[in-house]
Amino acid sequence: MGAGASAAVGMECPPESVDKESLPKPAVAIVVSGEAVGGGGEREEHDCGIEREKRARLRDMKVFVLDNSLREPSVGATFGHTVDDKEQIMECVKEVGFREIVVGAPNKHSQVDDLYCHRLQSRGTDVTHLWTFSEYADERPVPYPRSSEEQVPIGLRKTRDFGFRNTVIELDAGDPGIDWGDGAGATANADGAMTRYVDGLVWLLNWMRANLGASSRSMINIRDLSLAMVKKPARVMRLVAAIARIPSELCPIALLFEEPLGEYLPSEVGGWTRRIRKAMDTNGWPSTFQRTGDEATADGVLLIHVHRMWGMADAVNIEALAAGADGVFAGVCEEGAAMGHACTAVALANLARLGNTDVVQRFHLSKIAEAARLVTRLTTHQPVNQRQIVYGSRAVEAVFGFTGIGGGLREEGFDLDGDGDANGVVDRFQLSALFGVKDPPIRLHILATPSQFCARLVQCFGEAEADAHGFRAEELGKALQKQVHKNQCEGNDDEYTSAVGLAQLYREATGGGLTPAMMAALAAAPEKTATERTAALLEGVERFFSQAVVDQERDQAEGGLAYTAFYATFVAPYFDSHNTFAAMGGRTADRAEIDRLVDAFFDLNHDRCVQWSEWRRWCVFALREHGDEISDVDELTRVVLRNTILPSFLSQGRVHDKP
């Protein structure tokens, strides 16, 4: 950097060279771990920076989980959950050990949640620990005082009709349809307006007691907490205090809050959490759960829900727990909302990693990764991404044969968390052990050691072949490692972790024949080239297209699909899927608009008919530009629509360039 550049940022230019011996000696002795380093003056202590109080809280706390796997993952998802999907999800989250479970969010629409609740009701299912969501009010302005059945939100009325007892009442502290008494043109003072608002809540709680039973339980969710805290922090704290002072016989058992934007820093959400926890405590609503650990009798519980957006959601979750939250309400996997949410699989695995014995003892964490994968597959129709934190396949792989790096070996005798015990839970923790994986799969790569190549041979082809063919010989490991580097230098970037890839590497490195297990692996998994895969997908979608041409009404189009048939075959299954339009600001599909977009994108000669050649053009484009996202014919169709009609629909008709 030149002198001008330094001056521009307010810095002095250092000399070209400095004689370090001529510099003055420090007047302060720096002390690291009790040992003075240099200087002869005053001693200055420097600790390692580990936040011991936070770690102690996270290690010792009891963790309340309100499972939302039957609802949250489908929010904003391309595919919704069917009733049978919900059945599978319910079974898997129960196997993990979750007790308090949200079954749905009934509203004015007839939806899958209703069908599932009816099914549970018809079976006589024990609903003691099952929950629904309901709005605070369905209409604006909210009627005060409330006095009739019609003023009860439809979610609560359906909850009663389904035979359920427990409800999370959702509200927005920044709701512009409420006269809070603290804004421009307010008709009442803030305290009076808040009293009126909470009186309306008390009326609902009394209704619940009368209609859902004396044993009914409630929670309150402030959905827009982060937005409301930025806009009206005093209002939020008055609301929390007012809810906390509701008489104990009616008071909800928990306060929930969300960070729905995924925007705010962990320290910011942690600060809000501390303020809310303090307001609850000072107004007579402390958490009993930290003392008893009993969800069924808990009171004064504080739970958090965080949406993903900028990569901070999991850190926000942990910070809130350290700051006073008792737990989370979330799905077991990250799916849901725009970019997902902070899920229980990641949160509970982190707490176990930090030495929390409560989550290890009360939940079956060996099953949580399997549950997260199942819910992901049911929600997305795709397998979990390999690089998914905690429950992706790579999360438990042994990657490096050395210490000092994630995925590597643990340094023997290293006190990882600085607690004075170098052999504690945190120092010895392995995610693979938590999940019951006794022999973590080894990933092979250019930094893998010879011993890792040898160990992977044993994992893939068995102990018997290892003994018979000398898989454990260090020279063999070195030969395999050398061959990987040779292949890459020659432009061959194959993978070698799979049994097929490793068998091929073995043949190249040894110049000899394959073992029986290697030949079996190659025979069972013939490898397709990218060209073959593309051809297979195009062949599949052409068969599907041709069948649709045959199935359409006679004489609609010659050799192609009329707009009506094209819409029914390709567009409607995507655009009519659950929650598609919730992610579009509430816009609904207008057939005339869709037909216009079909004409603009797919009907190249504008004859009101889409030919296979016209549809194939876009399929080829999708495979070239987004091939890594496409695993089957259905996903190929979705990728085409996501990159053609959907963007134009969202931009209210703007048509993009054709490929």
Side-chain angles (χ1 to χ4, degrees), residues 63-75 77 79-106 111-133 158-159 162-168 217 295-296 303 305 327-336 340-349 352 358-384 388 390-393 395-396 434-437 578-579:
V63 183
F64 191 110
V65 172
L66 176 62
D67 178 74
N68 201 18
S69 300
L70 280 83
R71 179 67 186 174
E72 180 69 26
S74 67
V75 174
F79 302 99
H81 291 159
T82 66
V83 175
D84 290 339
D85 291 340
K86 289 182 180 290
E87 288 275 12
Q88 293 186 64
I89 294 170
M90 175 68 86
E91 289 303 313
C92 77
V93 297
K94 282 185 173 180
E95 287 182 2
V96 174
F98 297 147
R99 293 181 66 197
E100 308 296 329
I101 301 170
V102 175
V103 294
Q111 54 182 349
V112 173
D113 287 3
D114 297 8
L115 297 176
Y116 183 59
C117 289
H118 277 306
R119 180 180 288 188
L120 294 175
Q121 184 182 32
S122 66
R123 291 176 179 167
T125 303
D126 181 3
V127 299
T128 303
H129 300 285
L130 303 184
W131 294 78
T132 63
F133 283 113
K158 281 190 172 183
T159 298
F162 295 146
F164 290 89
R165 304 175 192 167
N166 310 316
T167 297
V168 178
R217 294 181 292 162
E295 294 143 320
L303 304 180
H305 177 82
V328 298
F329 71 106
V332 70
C333 71
E334 291 184 353
E335 298 303 320
H341 74 296
C343 66
T344 53
V346 174
L348 299 185
D358 178 68
V359 298
V360 174
Q361 294 170 358
R362 284 199 302 118
F363 304 118
H364 305 300
L365 295 186
S366 61
K367 299 181 178 180
I368 200 167
E370 181 181 342
R373 294 180 196 124
L374 172 65
V375 178
T376 300
R377 189 167 62 251
L378 291 174
T379 303
T380 66
H381 295 193
Q382 297 290 326
V384 170
Q388 167 64 49
V390 172
Y391 56 91
S393 59
V396 295
L434 182 71
F435 291 161
V437 179
H578 174 68
N579 271 323

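Computed from a predicted model, the values in this text were never measured in an experiment.
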**Request:** Could you please spell out the steps behind the side-chain contact (heavy atoms from CB on, under 4.5 Å) verdict for F363 and T344?
**Result:** CA-CA 11 Å; F363 304 118; T344 53; over 6 Å; no

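- Between the side chain of H364 and the backbone N or O of G97, no donor-acceptor pair lies under 3.5 Å.
- Although no hydrogens or angles enter the test, the distance criterion places no donor-acceptor pair under 3.5 Å between the side chain of N68 and the main chain of V102.
- In this structure, the separation between CG on L115 and CG on L120 is 11.0 Å, given to the nearest 0.5 Å.
- At a threshold of 4.5 Å between non-hydrogen side-chain atoms, the residues Y116 and L70 count as touching.
- Between the side chain of E334 and the backbone N or O of C343, no donor-acceptor pair lies under 3.5 Å.
- Heavy atoms only, all atoms of each residue included: C117 and V103 are closest at SG-CG2, 4.0 Å.
- Of all heavy-atom pairs between S69 and V375, the closest is O-CG1, 4.2 Å.
- In this structure, H129 and I101 have side chains that are not in contact, with every pair of non-hydrogen atoms separated by 4.5 Å or more.
- How far OG of S74 is from CG of L378: 11.0 Å, rounded to the nearest 0.5 Å.
- Considering all non-hydrogen atoms of both residues, E100 and E295 come closest at OE2-CB, 3.9 Å.
- No donor-acceptor pair closer than 3.5 Å links the side chain of R71 to the backbone N or O of T132.
- Applying the ring pair (Phe, Tyr, Trp, His ring centres under 6.0 Å) rule to F133 yields no partners; only residues at least two apart in sequence or on another chain are considered.
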**Request:** Please step through side-chain contact (heavy atoms from CB on, under 4.5 Å) for the pair F162 and V127, ending with a clear verdict.
**Result:** CA-CA 10 Å; F162 295 146; V127 299; over 6 Å; no

**Message:** Quick one, D84 with R119, criterion salt bridge (Lys or Arg N to Asp or Glu O under 4.0 Å). Give me CA distance, side-chain angles, the key distance, then yes/no.
**Reply:** CA-CA 10 Å; D84 290 339; R119 180 180 288 188; 3.3 Å; yes

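- Contact annotation: the side chain of V390 approaches that of F435 to within less than 4.5 Å [non-hydrogen atoms, C-beta and beyond].
- Here the CG-OG1 distance, from L374 to T379, works out to 8.5 Å after rounding to the nearest 0.5 Å.
- Of the possible donor and acceptor atoms, one in the side chain of H341 sits under 3.5 Å from a partner among the backbone N and O of E335.
- Contact annotation: the side chain of W131 never approaches that of D67 to less than 4.5 Å [non-hydrogen atoms, C-beta and beyond].
- For the pair L66 and V168, the minimum side-chain heavy-atom distance is below 4.5 Å.
- Closest non-hydrogen pair, Q121 versus G163, comes out as NE2-N, 3.7 Å.
- Among all heavy-atom pairs drawn from V112 and T82, the shortest one is CG1-C, 3.8 Å.
- The local environment of CD in E370 is sparse, with at most 12 non-hydrogen atoms from other residues, nucleotides or ligands closer than 6.0 Å.
- Scanning all heavy atoms of the two residues, the minimum distance from I368 to A345 falls at CD1-CA, 3.6 Å.
- The OG1 atom of T159 lies 13.0 Å from the CZ atom of R165; values are rounded to the nearest 0.5 Å.
- Without hydrogens or angle criteria, T376 side chain to V384 main chain gives no donor-acceptor distance under 3.5 Å.
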With a cut-off of 3.5 Å and sequence neighbours excluded, list every side-chain donor-acceptor pair involving residues 88-96.
none

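- You'll find the side chain of D113 stays beyond 4.5 Å of the side chain of H81, heavy atoms only.
- Between V332 and Y391, every side-chain heavy-atom pair lies at or beyond the 4.5 Å cut-off.
- Side chain of R362 to main chain of V63: a donor-acceptor pair is present (N/O by atom type, distance under 3.5 Å, no hydrogens or angles).
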